[in-house]
Structure formats: structure tokens, C-alpha cells
Amino acid sequence: MNIKKFILFFSVLTAILIVNQYQQNRLWEIREEHDMISKHQVASKDPMVAFTTGALGAFRGLFADLLFLRMQAEQEAGNYFEILQLGEMISQLQPDMPGAITFLAWNMSYNISVTFSSHEDRWRWVQRGLELIRDEALKYNKEDPEIYHQLGWIYQHKVGQILDDANRYYKGQLALQYIEVLGDKPRYDWASLAQVPTTEDGLRIELSKLHLLATLDDTQNKGVAINTQVQNLIAFYNTQQRMPTFIEQTQNDAFIQKLSEEVAKIGKQKASASEKELNRLYLSLASQTPLYLSINHQGYRLDKVNQDFRNYSGKMPAYVSGLSEVESLALENYLRVRWLSEVYKIEAKLFYELIKEYTYLDIRLPEAHSMYWARQGLKIAPDHANLQRMMLQGMSQMAKAGRLRFVTPEGYAVVMPSFEVMDFYVNNFIEEKEELQSQTSFRSGFENFVKDSIVSLWSWGQNEQAERYMKMMREADFIRGKGIYKQSLSMFCLKEASQDIADQSDRQVTTMLMGFGTQYIRALAFEDNQEQEENLMFLITRIRERYNETVKDSESRYANRRKLPDVEDILASAKLYLIQTESLPSLRQRYQQVGPDLETFLKKIQENQQKIQRN
């Protein structure tokens, strides 16, 4: 290329760039005039997202369309892991286009997952779909209620219902995730978790207060708030220009020495401290608490403890030592709440708000998650019909199977009714007399729900609550045929339990049989009612046989997923429930001596959980 052609080429290129710059500025003006600018500023995005939105500009949509076409071709070819990479690229190109991301998530959870025969592989794709909405779509579209609905729908529908053979495996793996995060407990103390500090400074202040309470509390100060005790120390120093004798005698203690220094700084000027000054005092003391002494000695920081706590599946690292029981609990709760927030995007305070508004919900089950995300969406759009419906459906489903019993050795969830949710659901309907009871559809649906609830309560030994429902139905003005509620509770339940077996889901029937199993184990333990033992065994066996016979003739792809556990497994899970929930050692011993042997069963469960954690 000679010099003249180069100059001409350069001149044309310069002219094109100048015209392009003018056109680009005009396009920005048009976007501003018509309110077409994205809500999300590039500066607030991740570096890659900032690059794609800033550098590619209007071409982002074109590139995203090309990637969608490429993804469709890869899906037809069965190259699913390439789809995962393409999906991540599309979410980076269009982070503020929630429809694109929710479609990708739906495709992964519903379409791609079922192409795998392995339940483990299916769960990975369902989980990736959940993560794509929760971690990507919500990150840049927090004000879009439809995002919350789509996320809640996958939990409620794909994970909660019997859509494929792996449905119970999904529930089991979800439960194991939250058992790892929050601990293996039958019930979590959300009131305490909601009070856990969410920052490291908050933890430092709390640990300092706890260590101070243990250090300063004596008979005279017992029960006095730590802020008051510290204010008394400051006032004492202000008047005496020295610390109390019991503190002066322990100056060799680094924590007390630091306390003396900080109190002296304030006490030389005034007799009390503001809340801000007290917090500054606690923060300065934190370096001398057992936690920070132990990790600083190793050259570690709290982030190291946090990461190791997760790597060890919720076990405290060995290098954290010297903490009292209350300090250990404070640290553990902080790490668990932080884990819950950072990885699963669930805030303990918000989950506690949900529980206070409704009743206790088991976070290990999918319906609790659908309700959590629906409630967050309703804060933005209170009249969103789908979100309102999701809340009602979640309550109804949790009443029937809203409490995790255990996870089988194979990683499948076994659930039972939530009597608390059931009571809330019933009482809420009774209170809405004018609005709901006058509607025939609501009234008949409610009566069917109560019938099922009475049978479930009776089979689980909750006779008092079941009798209360029977009495309520006999006296209710809006109930037409009251005659069936005038017979004895046992006769009512036996008749209702044996009807319409084919119309119930495997979860409902398994839950019912689990209830009969608990009564059978109790009958064995006390050996005072052989007729009851025989009747319960007959009932369990016959209902199971009739149900399996019914589903056997259905389509083969539904038959396997609806098949019930063996009688021995049902009785073993029932026995485990009784042993775990009984507070009296004598009764626990009785249950341990009858029915199936649990040693092998529990060993298999433990081995399976360890295998899952390793994977």
C-alpha cells in the first residue's frame, strides 16, 4: 500500500469514526428521551458484565441471539456441558433481560435434566437452573416479581412434585444441603439466627460482650446487662482514677489489660460512654478474645475460618480453640448464617419474618423455599396473583408433607405432615368466615382438606388435635353433611383411610403409612393390645398392596416413581421417628427393643451422607 492510499484509507476511517460517534451520542439522547436506559449501571456490574454492556453496546442482543442459536444446535447434538458455558455467556451479555435467563434455567431444570438416567446428574441440572435464577437473574433484577415466581415455581413444581423418577432424590439432596449449612437438627431456632450479626465487626462486638460477661459477672452483677457493667466501670474510673480492685489484681490477663486501657481513655474525660464509643471499645477488645487469639497465633483471618468451616461440612476447624460454649455457639451461628446468605441467598431475618407471619416452616423442604421467594416477590408486587397462589399452595402442600423425617441411605427424602402448618391452614380458613366460607369451591376444598388432616393426625397419634377438628366440623355452620363427623374418631379414620387410595400421591400414602407405623411400634413396645398390632399391620400391608396394584397398571414411567417403600422400611422409619422425638429414656429403650433393627439402617444413612459430602 503506497502512502497516498494509506492516507486516503486513514481519512475515510477517521470520517466513519466521527460519524459513528455522532450517531452514538444521538442514540444515547433518544434512549434518555424515551426512558430506555437500563436501570443497572455498568459500574455496579461484574467486570465481565461491565465489559459486555459497555463495550458491545447495542450489539449485545445480536451476540446473544447467535449464542441462543448455537445453544439450540448443541442441545440437539446432546452437548449439554457446552450449553452450560453458552448459558453463562448469555447471562453475562444480557444480565438485565430476566426472560432470557429464566428460559435458560427452565430449559436446564426441565428439559436437559430428564435426558440423563442418573438421578445425581439430573439433580445437578435442576440445581444449576435454580442457581441461574437465584445467583444471576435476581442479582440484576431484584425489582422484577416474575423472577421470584419463576424461582419459587422450580422449587414448588419441579423439586416438590412427582414430575420424574428423581423427585424424592431432589428433595433429599436439597435437605442435605441445608443440613450441612444449618446442622443436623429436627428444628432450627430462627429467632436466634435472625439476631446473628451479619458483619465481622458485628461478630467481634458480640464475642467481646460474651467474653466480658464471663469475665466481669459475679454474684453482685449477675443478670446485669454488659453495657451497664462497662458504664459502671467507666464511672468508677472517672471518680477514683483507678480500676476496681478485682480488675487490678488480674492485670496479667491480656483481655483485662486491654479493657483497663480502653476504660481509662474514656474515664479520664467523662463518666459514661455513648453507644458508638462502647462499640468502639468492644471492637478494640476483640483482638484479645479466644477466637482472635487462636487464629492470629496461626497467622489466619476469619475468612480462613469461614472457608474451612464450609470445606469441613459445618465442622469447626481444630485451630479454633479456647472458646467458651456460648462463644462457640455465637461463632458457629455467624458462620452458618453467613453461609446461608452468601451461597443460598437466604437471609435469616427474612426467613424468620416468614415464620412469624405464618408458622414454623422446614427450610429443608422445597415448599418452604417457594414460599420464601414468593414472599420476597410480594413485597415488590403485593397483588401478584401467581405469587399469592404460590403461598397458598405451599401452605397446603406443607400441611400434608411439610416436615422432613430423614434422608435414606440412598439420598432420598422421607417426609411427614407438619401439624403446625396444618393447624395454621385450618385456623386461617375458619377466621376468614365471610370471604371464604361463602364460596362453594373453597368450602368443599376445605372440608376435603380437613378430612385428610383428621386421618393423618389420628395415624400419627395426634388424637387431641384430630378430635378438635371433628368437633369443629360438627359445629361449623358452613358444613352441610355433618353426620360423618358424629361417629367415633377411629371409625371415621379407618373408613376414610381406605378410600380413594388411587387418587392420592405416593407422598400422601407414604405419610399415612408412616403414621400407622408409629402406632404399630408403640403397640409392640407396650405389648398391651395385640388386636391393635394385627389391625395396624393389616392396614399398612393392605393399603400398600392396593396402592402398588393401582399404580402398576399406569404408564410405566409413572409406576416406578409412585411405588411405595417396603413395609420393613416404613416400620424402620417410624421407629426412628419415635426414638428421636421421645424425651424419656425409658420409652426410648422400649422402642429400641422392638420392631426392625436400626443399627444397620443408621449406618447406611451415615455412610451415604459421608459419600455425598465427599462428592
Side-chain angles (χ1 to χ4, degrees), residues 109-110 123 126-127 129-130 133-134 148-164 166-179 181-182 186-188 190 340 344-348 350-378 384-407 412-429 445 449 452-453 456 460 504-512 514 561:
S109 297
Y110 283 82
W123 169 241
V126 173
Q127 186 171 225
L130 290 167
I133 299 179
R134 186 190 67 206
Y148 295 95
H149 176 254
Q150 291 298 324
L151 179 56
W153 178 253
I154 295 179
Y155 276 114
Q156 185 180 81
H157 190 248
K158 179 64 177 180
V159 183
Q161 298 298 315
I162 55 169
L163 293 177
D164 59 48
N167 73 91
R168 284 182 287 185
Y169 186 78
Y170 300 156
K171 299 176 183 69
Q173 298 310 296
L174 181 71
L176 288 173
Q177 285 181 348
Y178 288 90
I179 288 171
V181 175
L182 297 172
R187 191 181 182 96
Y188 301 114
W190 286 103
L340 189 67
Y344 298 104
K345 307 301 184 288
I346 292 179
E347 303 300 328
L350 297 181
F351 199 85
Y352 181 52
E353 288 178 5
L354 178 65
I355 287 176
K356 286 197 299 182
E357 184 177 345
Y358 289 85
T359 187
Y360 185 83
L361 304 174
D362 195 337
I363 195 173
R364 299 169 298 179
L365 295 177
E367 291 81 8
H369 292 266
S370 69
M371 292 182 64
Y372 175 85
W373 292 112
R375 189 176 188 276
Q376 305 319 307
L378 286 170
H384 196 287
N386 285 335
L387 291 174
Q388 292 174 339
R389 189 177 299 112
M390 184 171 287
M391 294 296 289
L392 292 173
Q393 291 171 343
M395 288 297 295
S396 176
Q397 292 169 8
M398 291 204 81
K400 298 173 182 177
R403 180 175 167 187
L404 179 71
R405 182 62 261 119
F406 67 95
V407 180
Y412 295 77
V414 176
V415 297
M416 60 181 286
S418 172
F419 306 125
E420 290 169 288
V421 174
M422 190 183 295
D423 221 24
F424 179 88
Y425 193 89
V426 170
N427 292 336
N428 187 61
F429 182 91
F449 177 85
D452 292 341
S453 298
S456 179
W460 281 92
Q504 298 188 42
S505 70
D506 62 319
R507 291 176 68 187
Q508 289 174 297
V509 179
T510 300
T511 298
M512 179 173 60
M514 282 272 290
R561 73 182 67 158

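From a predicted model like this one, the values you see are computed outputs, not experimental measurements. Note: hydrogens, waters and symmetry copies are ignored here, and every other heavy atom, side chains too, is used.
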Residues in side chain to side chain donor-acceptor pair (under 3.5 Å) contact with [X], at least two apart in sequence or another chain:
{"X": "Tyr352", "value": "none"}
{"X": "Lys400", "value": "none"}
{"X": "Glu347", "value": "Ser341"}
{"X": "Gln388", "value": "none"}

If you look at every heavy atom in [X] and [Y], which pair is closest and at what distance?
{"X": "Pro366", "Y": "Gly160", "value": "CG-CA, 3.7 Å"}
{"X": "Val421", "Y": "Ala399", "value": "CG1-N, 3.6 Å"}
{"X": "Leu365", "Y": "Leu174", "value": "C-CD2, 3.9 Å"}
{"X": "Ala401", "Y": "Val415", "value": "CB-CG2, 3.5 Å"}
{"X": "Leu378", "Y": "His384", "value": "CD2-O, 3.9 Å"}
{"X": "Val407", "Y": "Ala175", "value": "CG2-CB, 4.1 Å"}

Restricting to side chain to side chain contact (heavy atoms under 4.5 Å, CB included), what partner residues turn up for [X], sequence neighbours left out?
{"X": "Asp452", "value": "none"}
{"X": "Glu353", "value": "Leu350, Arg375, Lys379"}
{"X": "Ile346", "value": "Tyr178, Leu340, Phe351, Ile363, His369, Tyr372, Trp373"}
{"X": "Ser456", "value": "Pro417, Met422, Trp460"}

To the nearest 0.5 Å, what is the distance between [atom1] ([X]) and [atom2] ([Y])?
{"X": "Leu387", "Y": "Ser370", "atom1": "CG", "atom2": "OG", "value": "10.5 Å"}
{"X": "Tyr360", "Y": "Phe419", "atom1": "OH", "atom2": "CZ", "value": "15.0 Å"}
{"X": "Met371", "Y": "Gln397", "atom1": "CE", "atom2": "CD", "value": "10.0 Å"}
{"X": "Gln393", "Y": "Gln161", "atom1": "CD", "atom2": "CD", "value": "8.5 Å"}
{"X": "Ile154", "Y": "Arg134", "atom1": "CD1", "atom2": "CZ", "value": "11.0 Å"}
{"X": "Gln127", "Y": "Gln173", "atom1": "CD", "atom2": "CD", "value": "8.5 Å"}

Salt bridge (Lys or Arg N to Asp or Glu O under 4.0 Å) partners of Lys345, counting only residues at least two apart
Asp135

Applying salt bridge (Lys or Arg N to Asp or Glu O under 4.0 Å) to Glu420 and not counting sequence neighbours gives Arg187

Indicate yes or no: at least one non-hydrogen side-chain atom of [X] is less than 4.5 angstrom from one of [Y].
{"X": "Val426", "Y": "Phe449", "answer": "yes"}
{"X": "Thr359", "Y": "Asp423", "answer": "no"}
{"X": "Tyr170", "Y": "Asp164", "answer": "yes"}

For Tyr188 and Trp190, take the angle between the two ring planes, folded into 0 to 90°, and tell me which bin it lands in: parallel under 30, tilted 30 to 60, perpendicular over 60.
perpendicular

Check against side chain to side chain contact (heavy atoms under 4.5 Å, CB included), Tyr425 and Ser396:
CA-CA 7 Å; Tyr425 193 89; Ser396 176; 3.9 Å; yes

Looking only at atom types and distance, does a side-chain atom of Lys171 sit under 3.5 Å from a main-chain N or O of Val159, one as donor and one as acceptor?
yes

Using a 3.5 Å distance criterion without hydrogens, assess whether the side chain of Gln156 forms a donor-acceptor pair with backbone atoms of Met390.
yes

Contacts of Phe424 meeting ring-ring contact (aromatic ring centres under 6.0 Å, His included) (sequence neighbours excluded), chain-then-number -> Tyr358

Distance under 6.0 Å and angle within 45° of ring axis: Lys158 vs Tyr110:
yes

With sequence neighbours excluded, give me every salt bridge (Lys or Arg N to Asp or Glu O under 4.0 Å) pair touching residues 363-373.
Asp362-Arg364, Glu367-Arg507

